[in-house]
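Presented below is the structure to which this report refers.
Everything quoted here is computed from the prediction, not taken from an experiment.
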Amino acid sequence: MEPACRKDKQKQKDTPNRGDRAKQKSAQQELKQRQRAEIYALNKVMTELEQQQFEAFCKQMQPQAE
C-alpha cells in the first residue's frame, strides 16, 4: 500500500507545478508580445528617421545638380 500512497503524494505535488508552468508560459507569451511591439515601434521610428535623412540629403544635393 505504501507505493500507492507515494503516487498520490507525487500527483499532489505535480498539480501546483502544472499551474506554475501555465503561468510561466503565459508570462513568456506576454513578454514576447511586448518585445515584438517594442521592436515594431522602434523599427517605425528608425524608418522615419532614415527617410528624413534621405530627404535632407536629396535637398542638399539638388543645388549642385542644377
Side-chain angles (χ1 to χ4, degrees):
M1 286 196 166
E2 286 182 30
C5 293
R6 289 181 187 166
K7 288 182 182 179
D8 290 340
K9 288 181 182 179
Q10 287 176 352
K11 287 182 183 178
Q12 289 175 355
K13 289 180 183 179
D14 289 342
T15 305
N17 290 339
R18 290 180 186 161
D20 291 342
R21 288 181 193 158
K23 288 179 184 177
Q24 287 177 345
K25 187 175 181 179
S26 177
Q28 286 178 345
Q29 288 176 341
E30 289 176 14
L31 177 63
K32 285 181 182 180
Q33 287 177 342
R34 193 185 88 220
Q35 287 175 337
R36 178 173 280 186
E38 289 175 358
I39 289 169
Y40 283 134
L42 180 59
N43 189 29
K44 183 179 178 181
V45 170
M46 294 298 289
T47 302
E48 290 172 358
L49 178 61
E50 183 180 10
Q51 184 65 31
Q52 289 173 359
Q53 290 177 342
F54 179 71
E55 289 172 2
F57 173 77
C58 288
K59 287 179 183 179
Q60 185 181 21
M61 297 304 287
Q62 267 183 336
Q64 295 176 358
E66 291 179 353

Subject >> From CA spacing to verdict: side-chain contact (heavy atoms from CB on, under 4.5 Å), Arg34, Glu38 >> reply: CA-CA 6 Å; Arg34 193 185 88 220; Glu38 289 175 358; 3.3 Å; yes

**OP:** To the nearest 0.5 Å, tell me how far Gln28 CD sits from Arg21 CZ.
**Re:** 12.5 Å

Original post:
For the side-chain contact (heavy atoms from CB on, under 4.5 Å) test, which of Gln35, Gln29, Gln33 pairs with Leu31?
Top reply: Gln35

Listed pairs under 3.5 Å, donor-acceptor, residues 40-49 side chains, sequence neighbours left out:
residue	atom	partner	partner atom	Å
Thr47	OG1	Asn43	O	2.7

Original post:
Above 12 or not: heavy atoms from other molecules or residues under 6.0 Å from CD of Glu50?
Top reply: no

Original post:
Is any NZ, NE, NH1 or NH2 atom of the basic residue among Lys59 and Glu55 found under 4.0 Å from an Asp or Glu carboxylate oxygen of the other?
Top reply: no

